[in-house]
S.K.: 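Here's a structure for you.
Quick note: numbers below take in every heavy atom, side chains included, and nothing from hydrogens, waters or symmetry partners. Numbers here simply count residues along the sequence, with the first being 1.
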Amino acid sequence: MRIDQLFSNPTAFIGKNQPTQTASTSFSTTLSEALQKANETIVQSENMTEKVATGEIKNIHDVTIAAQKAQIALQMTTQVRDKVVEAYQEIMRMQV
């Protein structure tokens with residue numbers, strides 16, 4: 001492809017797997033969905049832990065994996081919260 005063809009048809013270099021339309025979701029919606037998924041992961045881990053204690057689940061490996069997923073989800077949520085608070089504080093320090 002020649003460079004002048006790129007300027008005449010800028011969508012020619014977009015791969016077939018690339019979406020041509022952008023999704024218009026807000027940051028708050030995306031953050032809310034991520035928090036909800038993290039909460040579901042934690043609740044699922046707690047439920048599996050209870051089932052191991054009552055003897056309903058025999059495979060401890062699945063429970064351990066669920067607990068690790070919950071721990072990682074909680075760490076990610078904490079890191080995102082810290083970054084959002086840090087960004088807010090930085091914006092509040094700006095001189096207008």
Side-chain angles (χ1 to χ4, degrees):
M1 173 182 284
R2 293 181 17 204
I3 191 89
D4 59 347
Q5 290 174 338
L6 180 64
F7 290 115
S8 65
N9 188 7
T11 60
F13 67 93
I14 296 177
K16 294 180 181 175
N17 294 333
Q18 297 290 329
T20 54
Q21 295 178 339
T22 57
S24 60
T25 58
S26 67
F27 176 74
S28 62
T29 303
T30 305
L31 186 61
S32 175
E33 290 172 358
L35 289 174
Q36 188 174 13
K37 287 180 184 178
N39 186 41
E40 290 171 2
T41 304
I42 293 169
V43 169
Q44 179 185 11
S45 172
E46 290 173 353
N47 290 339
M48 289 182 79
T49 304
E50 288 176 8
K51 288 180 181 179
V52 163
T54 60
E56 293 177 41
I57 294 179
K58 301 293 182 191
N59 192 354
I60 194 73
H61 299 291
D62 292 336
V63 178
T64 305
I65 291 170
Q68 286 297 315
K69 284 182 181 179
Q71 182 180 7
I72 290 170
L74 183 61
Q75 288 174 350
M76 187 225 24
T77 303
T78 304
Q79 290 294 321
V80 169
R81 182 212 52 201
D82 292 346
K83 291 294 182 181
V84 168
V85 169
E86 184 181 327
Y88 174 77
Q89 289 173 344
E90 187 68 28
I91 289 171
M92 293 308 291
R93 279 190 230 123
M94 287 183 182
Q95 303 244 343
V96 181

S.K.: Can you tell me how far CD of Glu86 sits from CD1 of Ile91, rounded to the nearest 0.5 angstrom?
M.R.: 11.0 Å
S.K.: Do Phe27 and Leu35 sit in the same hydrophobic cluster, where Ile, Leu, Val, Met, Phe, Trp and Tyr count as joined when their side-chain heavy atoms come under 4.5 Å apart?
M.R.: yes
S.K.: Should Met48 and Ile60 be counted in the same cluster of Ile, Leu, Val, Met, Phe, Trp and Tyr side chains packed under 4.5 Å apart?
M.R.: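 Met48 and Ile60: one cluster.
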S.K.: Would you check if the side chain of Ser32 reaches a backbone N or O of Ser28 as a donor-acceptor pair within less than 3.5 Å?
M.R.: no
S.K.: Is there a side-chain contact between Gln79 and Met76 in this structure, where contact means two heavy atoms from C-beta onward sitting under 4.5 Å apart?
M.R.: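 Heavy-atom side-chain distance check fails, nothing below 4.5 Å.
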S.K.: Where is the tightest heavy-atom contact between Thr29 and Ser26, given as atom of each residue plus distance?
M.R.: OG1-OG, 2.8 Å
S.K.: Indicate if Leu74 and Val80 have the same hydrophobic cluster label, given that clusters are the connected sets of ILVMFWY residues with side-chain heavy-atom separations under 4.5 angstrom.
M.R.: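 They do not share one cluster, since no chain of ILVMFWY contacts under 4.5 Å joins Leu74 to Val80.
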S.K.: Looking at side-chain heavy atoms only, is the closest gap between Val63 and Ile57 below 4.5 Å?
M.R.: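 SC-SC contact between Val63 and Ile57 confirmed.
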S.K.: So, are Glu40 and Lys37 salt-bridged, with charged N and O less than 4.0 Å apart?
M.R.: no
S.K.: Looking only at non-hydrogen atoms, find the nearest pair between Ser45 and Ala67 and report the distance.
M.R.: OG-CA, 3.3 Å
S.K.: Could you report the tightest heavy-atom contact between Ala38 and Thr77, atom names first, then the distance?
M.R.: CB-OG1, 3.6 Å
S.K.: Any chance you could measure Lys69, atom NZ, to Ile72, atom CD1, to the nearest 0.5 Å?
M.R.: 9.5 Å
S.K.: State the CG-CD1 distance between Asn47 and Ile42, to the nearest 0.5 angstrom.
M.R.: 12.0 Å
